[in-house]
Peer 1: 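Structure incoming, see below.
The sequence lines fix the lettering, A, B, ..., with proteins before strands; numbering per chain opens at 1. What you see below is based on every heavy atom in this structure, not just the backbone, and it leaves out hydrogens, waters and symmetry mates.
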Number of protein chains: 2
Amino acid sequence: MHALTKLDNPGRKCDQCLVRHRALCRVAGTDALAELNRIARTRTFSAGSTIIASEDSMPFVGNVLSGVVKLTKVMADGRQQIVGLLFASDFVGRAFEDHWSYSAEAATDVEMCTFDRTAFERMLGKHPELEHQLLVSTLDELDAARDWMLLLGCKSAEEKVASFLMFVARRAANGGGCGEALPEAGAFEMPVSRTDMAAYLGTTVETVSRQITRLKTANIIRLTDMHHFIVPDIHRLAVAAGVDEVTLED
Amino acid sequence: MHALTKLDNPGRKCDQCLVRHRALCRVAGTDALAELNRIARTRTFSAGSTIIASEDSMPFVGNVLSGVVKLTKVMADGRQQIVGLLFASDFVGRAFEDHWSYSAEAATDVEMCTFDRTAFERMLGKHPELEHQLLVSTLDELDAARDWMLLLGCKSAEEKVASFLMFVARRAANGGGCGEALPEAGAFEMPVSRTDMAAYLGTTVETVSRQITRLKTANIIRLTDMHHFIVPDIHRLAVAAGVDEVTLED
DNA sequence: CGACATGTTGAACCTCATCAACCGACGTGG
DNA sequence: CCACGTCGGTTGATGAGGTTCAACATGTCG
């Protein structure tokens with residue numbers, strides 16, 4: 001499965017990096033950056049392949065350069081839940097623990113900038129500003145996870161789907177797409193399948209599909225094709241999502 | 001609401017601290033400890049009172065010394081979800097952000113060792129070992145949150161309740177109770193109300209109640225009173241909880 | 001073209017939320 | 001002292017929202 005490639009221009013990789021100014025490494029000083037550069041290695045994974053299995057000893061960690069990574073948990077009987085979707089510039093893996101309880105899979109074709117885990121941990125030890133940044137982004141992830149707990153615990157199917165669309169609209173617009181021009185205000189690409197949506201929302205493919213058509217017939221969204229959504233009025237979608245206030249702009 | 005008291009023996013508080021060897025401060029060197037001691041202040045909150053409201057600017061952070069703190073999120077229409085339960089030695093609050101999106105409430109009477117937030121942040125900057133430890137425990141919390149996402153997204157009502165009992169059994173036994181002798185193998189106290197259980201499990205009081213009686217009639221649990229549970233065979237409870245393997249011992 | 005994956009739609013069933021009544025414990029005030 | 005309201009918990013009856021199973025549509029790839 002592990003479809004790997006390596007980019008070997010170790011001298012100046014970071015300069016032209018797509019996520020240079022958004023990922024962890026944005027806080028690295030010039031020397032730290034050079035050091036990161038030395039241990040960095042670009043890997044690519046084709047859609048559907050496993051990046052890190054839950055049994056693996058987690059050989060590496062890294063940042064997503066392009067594509068979408070899903071973190072999943074599965075129960076013994078096969079029921080599974082996606083506990084996180086990671087876009088460009090997001091960090092994958094866990095430092096200071098040699099294996100963890102989810103598995104990371106490529107939801108689309110994925111390109112990552114990876115680091116040997118123990119080497120990366122040594123880096124963190126030497127460069128407090130990096131470790132600090134990792135702490136901050138971990139806190140953000142924790143917030144996001146708890147937001148999702150609210151969704152899973154409280155929201156109706158329609159609210160769930162609407163919330164997910166809001167989530168992707170934001171990530172795909174300012175983050176994941178990364179420079180991808182928006183052809184129309186409120187248009188975005190849905191990078192994952194209906195099945196993945198369902199697994200992330202704690203529901204089934206069928207309900208996701210039904211709710212999408214509901215939103216469609218209510219004229220809250222339109223689809224050009226299966227994976228291209230248009231949201232004419234983000235406010236109406238927010239209402240459908242059951243968002244308290246207009247937390248749209250940050 | 002804020003029912004406060006202060007213990008003012010700043011000289012040697014930490015020595016006799018209940019959670020000295022389990023909380024963040026366990027990694028503090030003698031000087032860092034002394035400094036922590038200087039900015040520490042014990043506060044108590046009576047059951048039901050708000051510790052930090054979501055609108056507050058989060059004046060302080062701290063460790064739970066005794067009691068149980070719940071982190072809750074509420075939607076505009078009142079639906080609410082508990083996104084975390086914190087026991088003795090757990091850390092409450094968020095550094096590097098002056099307000100956060102949940103509110104912390106005392107589920108029982110609570111005693112906390114608190115620090116002024118900005119002073120605490122300064123401490124973290126000066127003592128990397130503290131910041132490192134905070135990172136590690138944040139990572140653990142993130143794992144816990146994602147475990148709970150699996151529960152909220154996949155599990156049936158019975159599995160939810162059984163899982164919650166397992167959760168409390170473990171925390172109340174090795175952590176929260178802290179020295180409280182277990183009168184019987186597998187006996188523990190339920191520190192929170194049925195309502196809180198429901199809010200944590202993404203269900204209703206009625207279902208919680210029903211599932212408890214189901215577990216009772218199945219002889220998987222017994223109750224001495226409303227808040228004292230006995231689990232004769234933790235394995236059977238684990239099965240009811242839908243736990244993959246025996247992840248009982250860590 | 002057929003085979004397969006992905007998504008949509010329909011119909012039946014079932015779990016769980018909802019509404020309501022009830023119970024015991026507790027505290028207050030008459 | 002008892003009447004009263006309140007609060008936390010349990011139990012019952014009912015129905016809606018979502019799961020499940022199945023058929024169908026669409027798109028893709030050999």
Peer 1: Taking 4.0 angstrom as the limit, do A/Asp90 and A/Arg171 come out as a salt bridge?
Peer 2: yes
Peer 1: The test is salt bridge (Lys or Arg N to Asp or Glu O under 4.0 Å); show your working for B/Glu141 and A/Arg146 and say whether it passes.
Peer 2: CA-CA 10 Å; B/Glu141 266 187 286; A/Arg146 287 173 167 167; 2.9 Å; yes
Peer 1: In this structure, how many angstroms lie between the C1' atom of C/dC23 and the CE atom of B/Met226, rounded?
Peer 2: 11 Å
Peer 1: According to a strict under-4.0 Å criterion, is A/His227 in side-chain N/O contact with OP1 or OP2 of C/dT6?
Peer 2: no
Peer 1: Would you call B/Glu159-A/Arg79 a salt bridge at under 4.0 Å N-O?
Peer 2: yes
Peer 1: Could you list the residues that satisfy side chain to side chain donor-acceptor pair (under 3.5 Å) with A/Arg94, not counting sequence neighbours?
Peer 2: A/Glu97, B/Asp140, B/Asp143
Peer 1: Once rounded to the nearest 0.5 Å, what's the spacing between atom CG of B/Leu165 and atom NZ of B/Lys160?
Peer 2: 14.0 Å
Peer 1: Can you tell me if A/Thr114 uses its side chain to pair, donor with acceptor, with the backbone of A/Arg41 under 3.5 Å?
Peer 2: yes
Peer 1: Where does the chain B footprint on DNA chain D start and end, counting 5' to 3' with a 4.0 Å heavy-atom cut-off?
Peer 2: D/dG9 to D/dA13
Peer 1: Does a donor on one side chain sit under 3.5 Å from an acceptor on the other, for B/Thr72 and B/Ser103?
Peer 2: yes
Peer 1: Establish, from distance only, whether the side-chain atoms of B/Thr50 and B/Glu105 form a donor-acceptor pair under 3.5 Å.
Peer 2: no
Peer 1: What parts of residues 207-218 of chain B reach DNA chain C, counting only heavy atoms under 4.0 Å away?
Peer 2: B/Thr207, B/Arg210
Peer 1: Which whole-number value in Å describes the distance from A/Met197 CE to C/dT8 C1'?
Peer 2: 14 Å
Peer 1: Starting from P on C/dT15, measure out to NZ on B/Lys160 and report it in whole angstrom.
Peer 2: 14 Å
Peer 1: Atom CD of B/Glu206 and atom C1' of C/dC22: how far apart are they, to the nearest Å?
Peer 2: 13 Å
